[in-house]
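Working notes for the structure below.
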Amino acid sequence: MLLFDDPYEQVLETIRDGYPDANKTDLTYDRSGHADFSFRMFRLKKQINTSFDQIASKVTAEILKIPAVRKVAQESGYLNIFLRDEFFLESVDKYLSERKQYPDTFQDPERVLVEHTSTNPTGPIHIGRTRNSIIGDSLARILARYGYRVSTQYFVNDSGKQVAALYKGFKMYHPGEPPAIDSLLSGYQKIYSEIKDDREKEKDLIEPVIKRYESGDSEIIGEIREYCTIVLEGIRKSLSSIGIKIDDYVWESNFLRGTELEAVFEMLDNRLKDENGATYIELDNETKVYLRRSNGTSLYIARDIAYHIFKALNSDWIIDVLGEDHKEHAARLSQILRDFMDFKPRLDVVTYSFMSLEGSRFATRRGNIVSLDDLLRRTEEEALKIVREKRPDMMEEKLSEVSKKVAVSSVRFNIIRVNSSKPVDFKWKEALSFDGDAAPFIMYAYARARRILEKAGEETSVDSRTYLKEERALSRNLYLYPIILQDAVSNLKPELIATYCLDLAKAFNEFYANCPVIGSGPEMGKRIMLTSAFSKILRDAGSLIGIEFLEEM
RNA sequence: GGGCGCGUGGCCCAGUCAGGAUAUGGCAAUAGCCUCCUAAGCUAUAGAUCGGGGGUUCGAAUCCCCCCGCGCCCGCCA
């Protein structure tokens with residue numbers, strides 16, 4: 001939960017004193033530039049038959065009594081409410097100096113579990129999959145900032161067809177070798193191209209592995225686990241290179257071998273139906289969801305149910321980040337948990353649309369992919385070229401630090417800024433461009449602010465209460481941070497933070513161009529405070545979506 | 001064929017949940033701004049039948065219906 005001063009509630013209460021029917025949506029934080037808050041009287045007028053003039057005159061005097069309010073002006077059906085110019089900065093600064101952050105957070109006892117990435121450990125992570133990780137990690141950071149107790153989890157598939165192929169491929173093409181990441185992956189790719197169009201061959205090669213695995217052959221179970229661990233280590237490294245660390249890795253095979261899966265079938269017992277030895281459950285709309293094959297082995301959804309029951313043990317709110325191809329699966333899973341099982345936690349599934357590469361589909365086996373490592377490396381090279389050009393004075397070591405951070409931030413920002421339900425077509429030209437609505441714009445604004453503070457010191461005595469329009473716009477933007485955070489949490493939309501960072505950086509750049517800080521006499525104290533608040537809040541918000549900040553760039 | 005999602009200037013994106021005041025920024029284009037805190041910046045100009053058609057409403061990018069285009073799903077795969 002967030003703590004901050006918000007006159008919104010007071011204004012709404014005041015309106016309700018006069019018109020109890022006034023709805024939360026009748027009063028808005030104005031975005032059009034007409035006011036700070038707009039009371040949209042035309043909405044209220046639907047319910048009660050009074051003129052705008054009457055409504056306005058009934059509440060105006062009372063609203064004006066609220067200390068933060070400076071002016072109330074009626075414009076036809078709108079009642080525009082203006083706050084005092086200095087309110088924003090003063091209220092933000094109060095939190096920053098007394099509580100060290102704006103907004104302050106009240107620790108929420110709710111435990112949130114975000115599951116993301118969970119890609120099969122059969123290859124390096126590519127940028128399509130990375131969208132999952134970036135969304136999941138940003139959500140986890142945002143929820144933690146809001147005050148929840150958050151942890152993240154990766155569900156490792158180490159028991160299906162994919163990993164059986166990983167095992168078999170390595171054994172076939174690299175017999176006798178000690179397992180290593182390159183040989184594991186090349187073995188997997190080779191066997192995959194052999195079996196992809198040949199079901200018989202697949203059956204011959206893969207099924208015996210699965211049979212041995214499911215019969216509890218501890219040698220093969222151990223070896224597969226070992227191979228998966230090696231590939232997973234590569235994925236873990238790639239993720240860590242863009243600042244993503246996942247708290248726990250949960251192995252799917254644990255549910256197979258433990259009692260969890262059996263427990264699921266027991267819990268669902270009176271719902272289970274049989275068809276030629278296979279077990280299924282029937283949903284309201286007569287769809288059959290198969291949980292167990294006629295050969296007795298379990299299906300993915302059954303194991304996922306077991307996994308969710310496990311998650312529920314330590315969570316009040318579970319969030320799954322999944323590709324759009326899993327939407328149907330997720331819907332069925334939620335329905336089964338909700339309708340047929342005693343599942344307590346809140347469950348949300350955040351899905352995202354696929355990414356394509358220069359207009360065509362990502363295809364792992366056709367080599368039409370870009371791995372996260374490749375993307376990051378090329379982005380870093382490009383960034384290095386640009387910094388070198390812009391800062392010929394910079395030391396080599398510094399150049400490398402700057403280009404690294406620019407690259408990480410850019411990769412994450414380009415993906416997170418787009419609404420997750422929209423498809424993203426990855427284009428090298430765009431990925432390697434750092435102009436405009438991009439991470440460096442945000443990082444650069446921060447570096448500028450830090451330079452001013454470095455030169456001007458952190459003086460905080462404020463002599464001026466007059467605000468130029470750039471100063472006011474920046475102050476108001478700072479003040480709005482908790483509102484945006486709240487919105488991002490309640491809608492699980494990390495992209496709102498990205499948009500906010502851009503808006504905030506833009507407001508600062510306009511301030512920077514028009515309001516000199518150093519040597520501005522009576523304005524200086526206020527402008528230093530504004531610059532300082534800006535640097536802290538931008539860094540706070542940007543960090544939630546993985547932007548890495550630099551004092552100099 | 002059925003289900004889910006997406007469609008906003010040449011290109012990318014915001015706004016759609018909770019309908020309202022001249023539809024947000026950026027890229028590319030054109031014209032300006034560094035004797036002054038880093039020009040990865042700022043200012044200005046130009047560019048939009050908000051996929052199309054109906055409907056609801058005083059008012060629709062936003063809600064409802066139909067259609068078109070694209071993506072995903074429709075396995076005893078994951």
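These numbers were taken from a predicted model, which means no experiment stands behind them. Keep in mind that the numbers below use all heavy atoms, side chains included, and drop hydrogens, waters and symmetry copies.
- Taking 3.5 Å as the limit, the base of B/A21 and the side chain of A/Ser38 contain a donor-acceptor pair of atoms between them.
- At the heavy-atom level, A/Val517 lies under 4.0 Å from base atoms of the strands shown.
- Within the nucleic acid shown, A/Asp26 has no heavy atom closer than 4.0 Å to any nucleic acid atom.
- Checking the phosphate oxygens (OP1, OP2) of B/C13, no side-chain nitrogen or oxygen of A/Arg417 falls inside 4.0 Å.
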Nucleic acid footprint by protein, nucleotides 69-78 of chain B - heavy-atom cut-off 4.0 Å, B for base, S for sugar-phosphate alone: --BSS-BBSB
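- Nearest to the side chain of A/Asn491, among B/C17, B/G41, B/A14, sits B/C17.
- Geometrically, A/Lys45 engages A/Phe52 in a cation-pi contact defined by less than 6.0 Å to the ring centre and at most 45° from the axis.
- In this model, a side-chain donor or acceptor of A/Asn80 finds a partner on the base of B/A21 within 3.5 Å.
- Residue contacts shown for A/Tyr512 include a base, since a base heavy atom lies under 4.0 Å away.
- Looking at heavy-atom distances under 4.0 Å, A/Lys455 makes contact with sugar-phosphate atoms alone, never a base.
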What do the steps show when you test A/Tyr446 against A/Ile547 for side-chain contact (heavy atoms from CB on, under 4.5 Å), and what is the final call? CA-CA 11 Å; A/Tyr446 176 81; A/Ile547 292 179; over 6 Å; no
With side-chain contact (heavy atoms from CB on, under 4.5 Å) as the criterion, how do A/Leu256 and A/Trp251 come out once you've worked through the C-alpha distance, each side chain's angles and the decisive distance to 0.1 Å? CA-CA 10 Å; A/Leu256 268 175; A/Trp251 297 82; over 6 Å; no
Atom pairs under 3.5 Å: protein N/O with N/O of nucleotides 56-62 of chain B:
from, atom 1, to, atom 2, distance (Å)
B/G59, O6, A/Lys46, NZ, 3.1

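- Annotation: B/G10 and B/C73 have their P atoms spaced 32 Å apart (nearest Å).
- When heavy atoms are screened at a 4.0 angstrom cut-off, A/Met553 is found touching base atoms of the nucleic acid.
- The gap from the P atom of B/U49 to that of B/G9 amounts to 8 Å, rounded to the nearest Å.
- Taking the six-membered ring for Trp and the full ring otherwise, the centers of A/Phe362 and A/His126 sit less than 6.0 Å from each other.
- Residue-level contact check: A/Leu291 touches neither bases nor backbone, having no heavy atom under 4.0 Å from any strand.
- For A/Phe508 and A/Phe511, the ring centers sit closer than 6.0 Å to each other.
- Looking at heavy-atom distances under 4.0 Å, A/Lys506 makes contact with sugar-phosphate atoms alone, never a base.
- The closest donor-acceptor contact from the side chain of A/Asn491 to the backbone of A/Ala488 lies at 3.5 Å or more, if one exists at all.
- Nucleic acid contact for A/Tyr78: base, since at least one base atom lies under 4.0 Å from a heavy atom of the residue.
- Atom NZ in A/Lys422 sits roughly 9 Å away from atom P in B/C12 (whole-Å rounding).
- Closest heavy-atom contact between A/Arg131 and A/Asn419: NH2-O, 3.2 Å.
- In this structure, A/Lys273 forms no cation-pi arrangement with A/Tyr280, as its terminal cationic atom is not both closer than 6.0 Å to the ring centre and no more than 45° off the ring axis.
- The A/Asp435 side chain lies nearest to B/A28 when the options are B/G19, B/U43, B/A28.
- A donor atom on one side chain and an acceptor atom on the other are not found under 3.5 Å apart for A/Thr117 and A/Arg129.
- Nearest to the side-chain atoms of A/Glu75 among the listed nucleotides B/A21, B/U43, B/A18 stands B/A21.
- In this structure, A/Thr351 reaches neither bases nor backbone, as no heavy-atom distance under 4.0 Å exists between it and the strands shown.
- Among the protein residues, A/Ala331 comes within range of no part of the nucleic acid, since none of its heavy atoms lies under 4.0 Å from any strand.
- A/Asp320 and A/His308 share a donor-acceptor pair across their side chains, judged by distance under 3.5 Å alone.
- Nucleic acid contact for A/Glu552: base, since at least one base atom lies under 4.0 Å from a heavy atom of the residue.
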